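Encoded as C-alpha coordinates, the structure appears first; notes follow it.
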Amino acid sequence: MRRERSGLGPDWHVGGELAARYAAGTAAESDAWSLEKHVEACGACAAAVSSAVRAGPETGPLLAGIRAAVLERAVQEPRESVGSRAYAGDPEAHESAASPAYADTGTAARTGADTGIGTSTRTGTGPGASTTTSTGAGTTGVPPRLSRAARVVWAAGPALRGAWLVALVVVALGAVALSHGAGLGASVRPLLLVTAPVLPLAGVALSYGLHADPLYEIATSTPSGGLRLLLTRAAAVLAVSVPALTLAGAVLPVAAGGPGAAAWLLPGLALTIAALALGSFVGGRRGAAAVGAAWLAFVVAPATAGGPAGAALMAGASPYFAGPAVQSGWAAGAAACALLLAARRRSFDHLETP
(Lines give C-alpha, C1' and ligand atoms only; values in the text may rest on other atoms or scores of the structure.)
Protein backbone atom coordinates (compact mmCIF):
# COMPACT_ATOMS: atom_id res chain seq x y z
CA MET A 1 0.00 0.00 0.00
CA ARG A 2 1.24 3.46 -0.76
CA ARG A 3 0.59 6.37 1.57
CA GLU A 4 -1.08 9.55 0.36
CA ARG A 5 0.83 12.67 1.37
CA SER A 6 -1.61 15.37 0.35
CA GLY A 7 -3.96 14.63 3.23
CA LEU A 8 -6.95 14.49 0.90
CA GLY A 9 -9.04 11.36 0.61
CA PRO A 10 -8.01 8.04 2.15
CA ASP A 11 -4.82 7.69 4.16
CA TRP A 12 -3.53 4.95 1.87
CA HIS A 13 -4.06 3.44 -1.54
CA VAL A 14 -3.66 -0.03 -2.96
CA GLY A 15 -0.23 -0.67 -4.42
CA GLY A 16 0.60 -2.94 -7.32
CA GLU A 17 2.12 -5.64 -5.13
CA LEU A 18 -0.98 -5.92 -2.92
CA ALA A 19 -3.28 -5.86 -5.96
CA ALA A 20 -1.31 -8.73 -7.49
CA ARG A 21 -1.43 -10.77 -4.28
CA TYR A 22 -5.16 -10.12 -3.96
CA ALA A 23 -5.76 -11.20 -7.58
CA ALA A 24 -3.74 -14.38 -6.97
CA GLY A 25 -5.63 -15.12 -3.74
CA THR A 26 -2.49 -15.00 -1.59
CA ALA A 27 -3.18 -11.75 0.30
CA ALA A 28 -3.62 -12.01 4.05
CA GLU A 29 -7.21 -11.91 5.24
CA SER A 30 -6.77 -8.55 6.98
CA ASP A 31 -5.17 -7.04 3.86
CA ALA A 32 -7.90 -8.44 1.63
CA TRP A 33 -10.66 -7.00 3.81
CA SER A 34 -8.95 -3.62 3.97
CA LEU A 35 -8.59 -3.60 0.19
CA GLU A 36 -12.21 -4.57 -0.41
CA LYS A 37 -13.47 -1.87 1.93
CA HIS A 38 -11.14 0.75 0.43
CA VAL A 39 -12.13 0.18 -3.20
CA GLU A 40 -15.78 0.92 -2.31
CA ALA A 41 -14.84 4.61 -2.14
CA CYS A 42 -11.69 4.86 -4.31
CA GLY A 43 -12.22 4.52 -8.03
CA ALA A 44 -8.53 4.64 -8.91
CA CYS A 45 -7.69 1.72 -6.64
CA ALA A 46 -10.76 -0.18 -7.86
CA ALA A 47 -9.48 0.21 -11.43
CA ALA A 48 -5.99 -0.96 -10.40
CA VAL A 49 -7.35 -4.05 -8.66
CA SER A 50 -9.63 -4.76 -11.62
CA SER A 51 -6.66 -4.59 -13.99
CA ALA A 52 -4.67 -6.96 -11.79
CA VAL A 53 -7.53 -9.45 -11.69
CA ARG A 54 -8.02 -9.29 -15.47
CA ALA A 55 -4.30 -9.86 -15.98
CA GLY A 56 -4.27 -13.00 -13.87
CA PRO A 57 -3.63 -16.30 -15.68
CA GLU A 58 -6.73 -17.93 -14.18
CA THR A 59 -9.17 -15.07 -13.64
CA GLY A 60 -8.38 -13.23 -16.87
CA PRO A 61 -9.73 -15.83 -19.32
CA LEU A 62 -12.71 -16.53 -17.06
CA LEU A 63 -13.71 -12.85 -16.91
CA ALA A 64 -13.15 -12.48 -20.65
CA GLY A 65 -15.53 -15.36 -21.28
CA ILE A 66 -18.17 -13.90 -18.98
CA ARG A 67 -17.81 -10.50 -20.62
CA ALA A 68 -18.22 -11.98 -24.10
CA ALA A 69 -21.34 -13.87 -23.02
CA VAL A 70 -22.88 -10.76 -21.45
CA LEU A 71 -22.17 -8.64 -24.53
CA GLU A 72 -23.63 -11.28 -26.81
CA ARG A 73 -26.77 -11.43 -24.70
CA ALA A 74 -27.03 -7.63 -24.54
CA VAL A 75 -26.97 -7.46 -28.33
CA GLN A 76 -29.45 -10.31 -28.79
CA GLU A 77 -32.11 -9.14 -26.35
CA PRO A 78 -33.17 -5.98 -28.29
CA ARG A 79 -33.29 -7.99 -31.51
CA GLU A 80 -35.41 -10.70 -29.92
CA SER A 81 -37.78 -8.09 -28.46
CA VAL A 82 -38.27 -6.31 -31.79
CA GLY A 83 -38.57 -9.61 -33.64
CA SER A 84 -41.29 -10.87 -31.32
CA ARG A 85 -43.31 -7.66 -31.73
CA ALA A 86 -42.95 -7.81 -35.51
CA TYR A 87 -44.14 -11.41 -35.50
CA ALA A 88 -47.18 -10.28 -33.49
CA GLY A 89 -48.07 -7.78 -36.23
CA ASP A 90 -46.80 -4.54 -34.64
CA PRO A 91 -46.01 -2.20 -37.58
CA GLU A 92 -43.78 0.00 -35.41
CA ALA A 93 -41.55 -2.98 -34.78
CA HIS A 94 -40.64 -3.18 -38.49
CA GLU A 95 -39.77 0.52 -38.59
CA SER A 96 -37.85 0.20 -35.32
CA ALA A 97 -35.81 -2.66 -36.72
CA ALA A 98 -34.79 -0.54 -39.69
CA SER A 99 -34.12 2.66 -37.76
CA PRO A 100 -30.63 3.96 -36.99
CA ALA A 101 -31.41 3.71 -33.30
CA TYR A 102 -31.83 -0.05 -33.58
CA ALA A 103 -28.78 -0.41 -35.77
CA ASP A 104 -26.68 1.34 -33.16
CA THR A 105 -27.73 -1.01 -30.38
CA GLY A 106 -24.74 -3.28 -30.77
CA THR A 107 -22.38 -0.32 -31.10
CA ALA A 108 -23.73 1.27 -27.92
CA ALA A 109 -23.42 -1.99 -26.03
CA ARG A 110 -19.89 -2.54 -27.26
CA THR A 111 -18.87 1.03 -26.49
CA GLY A 112 -20.12 0.81 -22.91
CA ALA A 113 -18.44 -2.54 -22.42
CA ASP A 114 -15.10 -1.49 -23.92
CA THR A 115 -14.81 1.44 -21.59
CA GLY A 116 -15.81 -0.64 -18.58
CA ILE A 117 -17.13 2.05 -16.30
CA GLY A 118 -18.14 5.01 -18.38
CA THR A 119 -20.95 6.62 -20.31
CA SER A 120 -22.54 5.58 -23.59
CA THR A 121 -25.41 7.32 -25.37
CA ARG A 122 -27.60 6.14 -28.24
CA THR A 123 -30.13 8.41 -29.92
CA GLY A 124 -32.43 7.69 -32.82
CA THR A 125 -35.30 9.35 -34.67
CA GLY A 126 -38.53 8.18 -36.12
CA PRO A 127 -41.32 6.00 -34.76
CA GLY A 128 -38.87 3.63 -33.14
CA ALA A 129 -36.70 6.40 -31.73
CA SER A 130 -35.20 5.97 -28.33
CA THR A 131 -32.57 7.63 -26.24
CA THR A 132 -30.55 5.63 -23.77
CA THR A 133 -27.87 6.98 -21.51
CA SER A 134 -25.72 4.60 -19.53
CA THR A 135 -23.60 6.00 -16.74
CA GLY A 136 -21.35 4.04 -14.39
CA ALA A 137 -21.89 0.32 -14.34
CA GLY A 138 -25.03 0.49 -16.48
CA THR A 139 -28.58 1.78 -16.78
CA THR A 140 -30.95 0.49 -14.14
CA GLY A 141 -33.96 2.60 -15.03
CA VAL A 142 -34.50 3.27 -11.32
CA PRO A 143 -34.62 6.89 -10.11
CA PRO A 144 -31.78 7.74 -7.71
CA ARG A 145 -34.09 8.39 -4.76
CA LEU A 146 -35.96 5.13 -5.33
CA SER A 147 -32.66 3.32 -5.70
CA ARG A 148 -31.47 4.65 -2.34
CA ALA A 149 -34.76 3.65 -0.74
CA ALA A 150 -34.43 0.17 -2.22
CA ARG A 151 -30.96 -0.17 -0.73
CA VAL A 152 -32.30 0.86 2.69
CA VAL A 153 -35.12 -1.68 2.46
CA TRP A 154 -32.64 -4.38 1.44
CA ALA A 155 -30.31 -3.49 4.31
CA ALA A 156 -33.23 -3.66 6.75
CA GLY A 157 -33.57 -7.35 5.98
CA PRO A 158 -36.23 -9.82 4.89
CA ALA A 159 -38.09 -9.64 8.20
CA LEU A 160 -39.37 -6.12 7.51
CA ARG A 161 -40.62 -7.20 4.09
CA GLY A 162 -42.42 -10.39 5.09
CA ALA A 163 -44.91 -12.04 7.41
CA TRP A 164 -43.05 -11.01 10.56
CA LEU A 165 -44.06 -7.38 10.16
CA VAL A 166 -47.68 -8.44 9.67
CA ALA A 167 -47.49 -10.59 12.82
CA LEU A 168 -46.08 -7.65 14.78
CA VAL A 169 -48.93 -5.39 13.72
CA VAL A 170 -51.49 -8.11 14.49
CA VAL A 171 -50.11 -8.65 18.00
CA ALA A 172 -49.96 -4.92 18.81
CA LEU A 173 -53.41 -4.09 17.45
CA GLY A 174 -54.85 -7.36 18.72
CA ALA A 175 -53.80 -6.58 22.28
CA VAL A 176 -55.48 -3.19 22.10
CA ALA A 177 -58.61 -4.69 20.56
CA LEU A 178 -58.86 -7.43 23.19
CA SER A 179 -58.40 -4.96 26.02
CA HIS A 180 -60.76 -2.20 24.90
CA GLY A 181 -63.00 -3.98 22.41
CA ALA A 182 -63.48 -7.37 24.02
CA GLY A 183 -63.63 -6.00 27.54
CA LEU A 184 -60.63 -7.91 28.91
CA GLY A 185 -59.17 -4.73 30.36
CA ALA A 186 -55.98 -4.90 32.40
CA SER A 187 -55.62 -8.67 31.99
CA VAL A 188 -54.17 -8.19 28.48
CA ARG A 189 -51.02 -6.35 29.58
CA PRO A 190 -49.28 -9.33 31.23
CA LEU A 191 -50.13 -11.42 28.17
CA LEU A 192 -48.44 -8.81 25.97
CA LEU A 193 -45.46 -8.67 28.32
CA VAL A 194 -44.71 -12.39 28.03
CA THR A 195 -45.24 -12.31 24.24
CA ALA A 196 -43.37 -9.12 23.32
CA PRO A 197 -39.77 -10.31 23.95
CA VAL A 198 -40.20 -13.19 21.51
CA LEU A 199 -41.27 -11.01 18.57
CA PRO A 200 -37.91 -9.23 18.03
CA LEU A 201 -36.26 -12.61 18.47
CA ALA A 202 -38.29 -14.01 15.57
CA GLY A 203 -37.57 -10.92 13.48
CA VAL A 204 -33.82 -11.30 13.93
CA ALA A 205 -34.01 -14.99 13.03
CA LEU A 206 -35.78 -14.10 9.78
CA SER A 207 -33.37 -11.28 8.89
CA TYR A 208 -30.09 -13.05 8.24
CA GLY A 209 -28.82 -16.51 7.54
CA LEU A 210 -28.80 -19.33 5.06
CA HIS A 211 -32.51 -20.08 5.40
CA ALA A 212 -33.71 -16.46 5.57
CA ASP A 213 -31.86 -14.37 3.01
CA PRO A 214 -31.69 -15.43 -0.67
CA LEU A 215 -28.58 -13.25 -1.06
CA TYR A 216 -26.90 -14.67 2.04
CA GLU A 217 -23.85 -16.11 0.27
CA ILE A 218 -23.22 -12.91 -1.66
CA ALA A 219 -23.78 -10.65 1.37
CA THR A 220 -21.43 -12.69 3.55
CA SER A 221 -18.61 -12.36 1.02
CA THR A 222 -18.71 -8.55 1.04
CA PRO A 223 -16.83 -6.29 3.51
CA SER A 224 -20.17 -5.04 4.86
CA GLY A 225 -21.53 -8.54 5.42
CA GLY A 226 -21.21 -10.81 8.41
CA LEU A 227 -21.84 -9.43 11.88
CA ARG A 228 -22.05 -5.83 10.65
CA LEU A 229 -25.01 -6.56 8.38
CA LEU A 230 -26.58 -8.82 11.00
CA LEU A 231 -26.44 -6.05 13.63
CA THR A 232 -27.83 -3.55 11.12
CA ARG A 233 -30.81 -5.76 10.45
CA ALA A 234 -31.27 -6.57 14.13
CA ALA A 235 -31.32 -2.83 14.87
CA ALA A 236 -33.93 -2.35 12.14
CA VAL A 237 -36.10 -5.05 13.72
CA LEU A 238 -35.79 -3.44 17.16
CA ALA A 239 -36.46 0.02 15.73
CA VAL A 240 -39.82 -1.22 14.48
CA SER A 241 -40.85 -3.61 17.24
CA VAL A 242 -39.87 -1.55 20.29
CA PRO A 243 -42.08 1.51 19.55
CA ALA A 244 -44.99 -0.61 18.30
CA LEU A 245 -45.15 -2.97 21.27
CA THR A 246 -44.34 -0.31 23.87
CA LEU A 247 -47.05 2.02 22.56
CA ALA A 248 -49.51 -0.86 22.48
CA GLY A 249 -48.68 -1.65 26.10
CA ALA A 250 -48.98 2.01 27.09
CA VAL A 251 -52.58 2.28 25.90
CA LEU A 252 -53.63 -0.84 27.79
CA PRO A 253 -55.25 -0.45 31.21
CA VAL A 254 -52.80 -0.66 34.09
CA ALA A 255 -53.21 -3.36 36.71
CA ALA A 256 -52.48 -2.43 40.30
CA GLY A 257 -48.91 -3.35 41.19
CA GLY A 258 -48.18 -4.76 37.73
CA PRO A 259 -45.14 -4.09 35.53
CA GLY A 260 -45.05 -1.02 33.31
CA ALA A 261 -45.47 -0.94 29.53
CA ALA A 262 -41.70 -0.83 28.96
CA ALA A 263 -40.83 -3.64 31.37
CA TRP A 264 -40.27 -6.06 28.49
CA LEU A 265 -37.50 -4.01 26.83
CA LEU A 266 -34.48 -5.36 28.73
CA PRO A 267 -35.72 -8.98 28.61
CA GLY A 268 -36.34 -8.58 24.89
CA LEU A 269 -32.89 -7.09 24.34
CA ALA A 270 -31.26 -9.86 26.35
CA LEU A 271 -33.08 -12.54 24.37
CA THR A 272 -32.13 -10.94 21.05
CA ILE A 273 -28.43 -10.66 21.89
CA ALA A 274 -28.44 -14.16 23.36
CA ALA A 275 -29.87 -15.51 20.11
CA LEU A 276 -27.15 -13.70 18.13
CA ALA A 277 -24.42 -15.06 20.39
CA LEU A 278 -25.79 -18.60 20.28
CA GLY A 279 -26.22 -18.27 16.53
CA SER A 280 -22.46 -17.82 16.19
CA PHE A 281 -22.17 -21.48 17.26
CA VAL A 282 -25.20 -23.20 15.73
CA GLY A 283 -26.59 -20.74 13.17
CA GLY A 284 -29.08 -17.91 13.48
CA ARG A 285 -32.26 -19.92 13.07
CA ARG A 286 -31.25 -22.63 15.52
CA GLY A 287 -30.00 -20.06 18.01
CA ALA A 288 -33.26 -18.09 17.92
CA ALA A 289 -35.30 -21.29 18.20
CA ALA A 290 -33.31 -22.45 21.22
CA VAL A 291 -33.62 -19.12 23.04
CA GLY A 292 -37.32 -18.91 22.22
CA ALA A 293 -37.89 -22.43 23.51
CA ALA A 294 -36.05 -21.58 26.75
CA TRP A 295 -38.23 -18.49 27.19
CA LEU A 296 -41.39 -20.54 26.73
CA ALA A 297 -40.19 -23.23 29.15
CA PHE A 298 -38.77 -21.08 31.93
CA VAL A 299 -40.90 -17.92 31.74
CA VAL A 300 -44.15 -18.36 29.84
CA ALA A 301 -45.04 -21.78 31.24
CA PRO A 302 -44.51 -20.83 34.92
CA ALA A 303 -46.19 -17.45 34.42
CA THR A 304 -49.32 -19.03 32.94
CA ALA A 305 -49.46 -21.92 35.40
CA GLY A 306 -52.12 -20.16 37.47
CA GLY A 307 -54.21 -19.19 34.45
CA PRO A 308 -53.76 -17.65 30.98
CA ALA A 309 -55.32 -14.30 31.87
CA GLY A 310 -56.39 -12.01 34.65
CA ALA A 311 -54.84 -11.53 38.06
CA ALA A 312 -53.28 -14.99 38.03
CA LEU A 313 -51.27 -14.21 34.89
CA MET A 314 -50.21 -10.85 36.30
CA ALA A 315 -49.02 -12.48 39.50
CA GLY A 316 -47.15 -15.12 37.56
CA ALA A 317 -45.48 -12.70 35.13
CA SER A 318 -44.48 -9.97 37.58
CA PRO A 319 -41.47 -11.84 39.05
CA TYR A 320 -39.85 -11.87 35.59
CA PHE A 321 -40.37 -8.17 34.81
CA ALA A 322 -41.01 -6.05 37.93
CA GLY A 323 -38.37 -4.62 40.23
CA PRO A 324 -34.90 -3.10 39.90
CA ALA A 325 -33.19 -6.38 40.78
CA VAL A 326 -34.96 -8.27 38.00
CA GLN A 327 -34.29 -5.58 35.41
CA SER A 328 -30.65 -5.38 36.50
CA GLY A 329 -30.37 -9.12 36.01
CA TRP A 330 -31.67 -8.84 32.46
CA ALA A 331 -29.25 -5.97 31.77
CA ALA A 332 -26.34 -8.03 33.09
CA GLY A 333 -27.39 -10.96 30.94
CA ALA A 334 -27.57 -8.73 27.86
CA ALA A 335 -24.09 -7.36 28.58
CA ALA A 336 -22.63 -10.85 29.04
CA CYS A 337 -24.16 -12.03 25.77
CA ALA A 338 -22.84 -8.91 24.02
CA LEU A 339 -19.32 -9.70 25.20
CA LEU A 340 -19.65 -13.27 23.93
CA LEU A 341 -20.97 -11.96 20.62
CA ALA A 342 -17.99 -9.63 20.28
CA ALA A 343 -15.60 -12.49 21.00
CA ARG A 344 -17.32 -14.65 18.38
CA ARG A 345 -17.64 -11.94 15.70
CA ARG A 346 -15.30 -13.71 13.25
CA SER A 347 -17.61 -16.71 13.08
CA PHE A 348 -20.09 -14.64 11.04
CA ASP A 349 -17.49 -14.23 8.28
CA HIS A 350 -18.08 -17.86 7.29
CA LEU A 351 -21.14 -19.42 5.71
CA GLU A 352 -23.63 -21.29 7.83
CA THR A 353 -24.01 -25.03 7.37
CA PRO A 354 -27.49 -26.32 6.43
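All values reported here derive from a predicted model rather than from experimental measurement.
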Between atom CG of Leu341 and atom CG of Leu278, what is the distance when rounded to the nearest 0.5 Å?
11.0 Å

Which value, rounded to the nearest 0.5 Å, describes the distance between Trp164 atom CH2 and Leu206 atom CG?
9.0 Å

Looking only at heavy atoms, the pair that brings Ala263 and Pro259 closest together is CB-CB, 3.7 Å

With rounding to the nearest 0.5 angstrom, report the CG to CG distance, Leu276 to Leu201.
8.5 Å

Enumerate the salt bridge (charged side-chain N to carboxylate O under 4.0 Å, His left out) contacts for residues 43-57, please, sequence neighbours excluded, ordered by first and then second residue.
none

Nearest non-hydrogen partners of Tyr320 and Pro302, listed with the distance:
OH-CB, 3.3 Å

Could you tell me whether the side chain of Arg233 reaches within less than 4.5 Å of the side chain of Val204, counting heavy atoms only?
no

Can you find a heavy atom in the side chain of Trp295 that is under 4.5 Å from one in the side chain of Leu271?
yes

Can you list every pair that meets side-chain hydrogen bond (donor to acceptor under 3.5 Å, both in side chains) and has a residue in residues 273-282, with sequence neighbours left out?
Ser280-Arg344

Give the table of side-chain donor-acceptor pairs shorter than 3.5 Å for residues 234-245, with sequence neighbours excluded, one pair per line with atom names and distance.
unit_1	atom_1	unit_2	atom_2	d
Ser241	OG	Val237	O	2.9

Does any N or O in the side chain of Thr272 come within less than 3.5 Å of the main-chain N or O of Pro200, such that one atom is a donor and the other an acceptor?
no

In short, Phe321 meets Pro197 closest at the heavy-atom pair CE2-CG, 4.4 Å

Option from Leu18, Val14, Leu35 for which side chain to side chain contact (heavy atoms under 4.5 Å, CB included) with Cys45 holds
Val14

Hydrophobic cluster partners of Val70 (side-chain heavy atoms under 4.5 Å):
Leu62, Ile66

Do His13 and Cys42 come close enough that some side-chain heavy atom pair is under 4.5 Å?
yes

Would you say that Leu340 contacts Phe281 through its side chain, given a criterion of any heavy-atom pair below 4.5 Å between the two side chains?
yes

Tell me if a side-chain donor or acceptor on Arg286 pairs with a main-chain N or O of Val282 at a distance below 3.5 Å.
yes

What distance separates Leu229 CG from Tyr208 OH, expressed to the nearest 0.5 Å?
5.5 Å

Sequence-distant partners of Glu36, salt bridge (charged side-chain N to carboxylate O under 4.0 Å, His left out), two or more places apart
none

Name all residues meeting the side chain to side chain donor-acceptor pair (under 3.5 Å) criterion together with Arg345; count only those two or more places apart in sequence or in a different chain, and write none if there are none.
none

Rounded to the nearest 0.5 Å, what separates atom CG in Leu227 from atom CZ in Phe348?
5.5 Å

Any donor-acceptor pair under 3.5 Å from Arg189 side chain to Gly249 backbone
yes

Heavy-atom distance under 4.5 Å between the side chains of Trp264 and Thr246, does that happen here?
yes

Any donor and acceptor pair, going by atom type alone, linking the side chain of Ser179 with main-chain N or O of Ala175 inside 3.5 Å?
no

